[in-house]
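The chains referred to below are lettered A, B, ... by the order of the sequence lines, with proteins before strands, and numbering in each begins at 1.
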Amino acid sequence: MTEIIKFWLIDINYQESERGDEIRLWGIDDKNRRVLLLEENFKPFFYVKAKSPEALDILFNRLSTSAGPLKPVIEVKKVRRKLFGKNIAVLEVKCRSEKDMERTVEKLIESGLVDETFEDDLRVTDLYIIDTDLTPSSWHTVTVEEVNRPEFKVEKVYKVKSLLKRIELENIPELKYIVFSMICLSQYGSPNPERDPIISLSIVNDKGETVTFKYNGSDKELIENFIKYVNEYDPDIILSYGSNRIWWDYLLKRAQRHGLKLKIDRIGGEPHRSVYGHFSITGRANIDLFDFIEDLYEIKVKTLENVASYMGIEAPPETFAGDDRIYAIWTENPEKVHEICRNRAKVIMEIARNILDFAIQLSALVYMPLDVVGAAAVGFRVEYHLMKNAHKRGELIPKREERPYQPYKGGLVLEPKPGIHENIAVLDFASMYPHIMMKYNISPDTLTTEDEDVYVAPEVGYKFKKHPPGLYKETLERLLKARKEIKEKLSKLSPDDPMYRILDARQRAVKVIANANYGYAGWLGARWYVKEVAEATTAWGRSFISKTVEMAEKLGLTIIYGDTDSIFVKYDPEKVKELLKIVEEELGMEMKPDKIYERVLFTEAKKRYAGLLKDGRIDIVGLEVARGDWSQLAKKVQYEVIKILLREKSPTKALDCTVKYIQALRRKEVPLEDLVIWKTVTKDLEEYKARAPHVTAAKMLIEKGYRLTLGDKVGYVIVKGTGKLYERAVPYIFAKYDDIDIDYYIERQIVPAAARILKIFGIREQDILNAASGTSLMMFMKL
DNA sequence: AGTGCCCGGGG
DNA sequence: GTGTACGGGCACT
């Protein structure tokens, strides 16, 4: 008996079997039941571009004579598709299974008649999403027939009888989700699953219920309890912090030691590593919140503690105790560790509540399954979105290729006027690159050598067809239009409305993807990489900003600075208004006042300034204060100096303040944490050509058993001695205060950071040192 | 003093 | 495994 149901997709996987391969769609129906749809009708396909029209015919004949419903190749069609906008004839080859597709492609290549194949490099589940209406984290209607398949841990199993149709429903089903947190016992260094047991594992579910499983001389029962809990609570989503990088692997290895299988998915299997390094749990969505936090560059070191503090989540300070501290606490009072573990889980649940809506919206927007979208880098999210749109347009999806690095010119940066300026307006072009790409139809498929009906890029001279709208234009227009619509809906809702949260998350997701499109265009790894596209976009950008500068000058506005899509001008309301009007009329681009600084401070350096806003807040850009690789001490001193100069305009007081910090350090009153310098390990340690302090520190950490992965930040301090800095860098967790090289911190941290700003007033590094060593301030000021 | 490596933050 | 522009520290010559 067939019926029509509503279906919201959580997870998708492809299963090979003797009865025939099937796509499994895991989700929820409108009666809030967990359901599985088995799709047996969809067959993988790919495209073949032959070396010549004759070759195409030969291949077509060969393939079609052996094609049939039960054969490896089911169907062959001659079709027309586009490749970078150019119409071409290709074969569309439909196969019985993924394996058959691979074998068929191989054979075709061997024939020597094939120029290129397309879309055979995509997984079947991706092909399904791209080719049908199926959208992750979204609602559909579908005609189905119930089947009896008790091996699946869901309430209903159906066979798909018709293709799913997406329906525009914004509500999200009542998802069941859990968060887990675990603590392992390690006496020294990072926990190692071959050695260190899990001593505590806490779960919080969406109802707010908490449970903690405890070590009892072994972690076997703890793991069994975890498995039991997941199967009984049966969550749709499992969230954690760091699970893709650490915890799933850890749990699997610990389970294996006890001869256990971590059977927590909906088919009685274990979590397994999948695309972009994420762990897949069949039938559920595994989300590592760390993957989303990674995109928040405002949080420098992504510890749970810093994330909690950034999001205003409160927890007892002990919650974030490091591994060494945990060992001490455990020896003293194991219950305390369980409490910590529970508190961590609660913190993670709070983070989850802040991020889940966004994750769901991003997943639906770019068509990536919920568990994949977080793990995928920005470029892949953009690309997935493009692939779907390209397929709809009949545009073939190019393969990835290795390409040599080819630099191209970027944005224009104006020389700043050094000094302190009063009343400065910052004007900028909103979403400049997306608008340029739309305005001039810049796209991989519109680039042309023809001269008729084209836009010609300044400086570089590349030409883009005015018609028809290219892939990028169409994609961006849809994104910006969607954002506008969402914002309109938002304006009619109260922020307390549950729908507000969802829509707000959606508009943020849209913005992120739209803005990343230009970056994608210039990414060497992009399927649609065309250097001219990125190059033309920045060329138009430079042209716009230069023309704006000319117009501003003509109006008599004083320009202080400018970068890529912005100019800083002396604020004259009438003239600024006039400028914005002219820019709109003559350049056809919208420019808006972004902010007004009551006072702004520039050195001779580009991309480095500090400004005082009307409401008293201070913006700091580029300077040491804003950087993660300077000690907290240097940043504090520089911030104080900037504050005094911007608010009180008193260089003497700023100098005095600097000297006080130096004296405090000499008296060892500055906490050790304020002396730590953080730097990222950006490659394997052996690959470093230069010797550097953070590399030394990283090596020491590894030697002592600490886990260190690419992209981790290493915190080190500089200790006394005679050698090079890299010989005197020590991970701060190993350092003793008495070993600290105080002079380094004065001469290489405090003084340069302060002098960077003070030199505007003629105060040099040596002047600060003299002042600090007792040479009278008065003496200096008389000079 | 000049060059290369390396890193981070920002438009 | 988004882009380029830029400043600045340090190692090395």
A/K399 NZ: over 12 foreign heavy atoms closer than 6.0 Å
yes

Using salt bridge (charged side-chain N to carboxylate O under 4.0 Å, His left out) as the criterion, list what pairs up with A/K683, not counting sequence neighbours.
none

May I ask you to say what A/F429 touches in the nucleic acid, namely base, sugar-phosphate or nothing, with a heavy-atom cut-off under 4.0 Å?
nothing

Interatomic distance, A/F602 CZ vs B/dG10 C1' [rounded to whole Å]:
13 Å

With sugar-phosphate meaning primed atoms plus P, OP1 and OP2, does A/V413 contact a base, only sugar-phosphate, or nothing at under 4.0 Å between heavy atoms?
sugar-phosphate

Which whole-number value in Å describes the distance from A/K679 NZ to B/dC5 P?
17 Å

Once you round it to whole Å, what is the distance between C1' of C/dA5 and CG of A/D565?
13 Å

Step-by-step side-chain hydrogen bond (donor to acceptor under 3.5 Å, both in side chains) determination, A/S443 to A/K473:
CA-CA 7 Å; A/S443 190; A/K473 182 186 170 105; over 6 Å; no

Using distance alone, with no hydrogens and no angle criterion, decide if A/Y276 and A/N244 have a side-chain donor and acceptor under 3.5 Å apart.
no

Take atom NZ of A/K724 and atom P of B/dC5, then tell me their distance rounded to the nearest Å.
18 Å

Counting only side-chain nitrogens and oxygens, does A/Y688 get under 4.0 Å of the OP1 or OP2 atom of B/dC7?
yes

Taking only N/O atoms, report every protein-nucleotides 7-9 of chain C pair under 3.5 Å with atom names and distance.
unit_1: C/dG7; atom_1: OP1; unit_2: A/K606; atom_2: N; d: 3.2
unit_1: C/dG7; atom_1: N2; unit_2: A/R627; atom_2: NH2; d: 3.3
unit_1: C/dG9; atom_1: OP1; unit_2: A/R756; atom_2: NH2; d: 3.0

From the list A/D712, A/D288, A/D291, salt bridge (charged side-chain N to carboxylate O under 4.0 Å, His left out) partner of A/R245 resolves to A/D712

Roughly, in whole Å, what's the span from CZ in A/R527 to C1' in C/dT2?
15 Å

How many whole angstroms separate atom OH of A/Y408 from atom P of C/dT2?
13 Å

DNA chain C: 5'-proximal contact among A/W523 and A/G411 (nearest heavy atom)
A/W523

Base, sugar-phosphate or nothing for A/A692? Non-hydrogen atoms, less than 4.0 Å.
nothing

With a 4.0 Å cut-off on heavy atoms, is A/K683 in touch with a base, just the backbone sugar-phosphate, or nothing at all?
sugar-phosphate

Sort and list the pairs that fulfil salt bridge (Lys or Arg N to Asp or Glu O under 4.0 Å) and have at least one residue in residues 370-382 of chain A, not counting sequence neighbours.
A/D295-A/R381

Any heavy-atom pair between the side chains of A/Q749 and A/Y661 that's under 4.5 Å?
no

Using only side-chain N and O atoms of A/Y726, determine if any of them is under 4.0 Å from OP1 or OP2 of C/dC12.
yes

Within this structure, what is the CD-to-C1' distance between A/E294 and C/dG1, rounded to whole angstrom?
12 Å

Think A/H694 has a side-chain N or O under 4.0 angstrom from the OP1 or OP2 of B/dC6?
no

For B/dC7, take OP1 and OP2 only and decide whether either is under 4.0 Å from a side-chain N or O of A/T682.
yes

Indicate, with a heavy-atom threshold strictly under 4.0 Å, whether A/G525 touches base, sugar-phosphate, or nothing.
nothing

Protein-nucleotide distance (A/Y609, atom OH; B/dG9, atom P), rounded to Å
15 Å

Say we look at C/dT2 and B/dC5: how far apart would their P atoms be, to the nearest angstrom?
24 Å

I'd like to know whether NZ of A/K547 has more than 12 heavy-atom contacts from other residues, nucleotides or ligands below 6.0 angstrom.
no

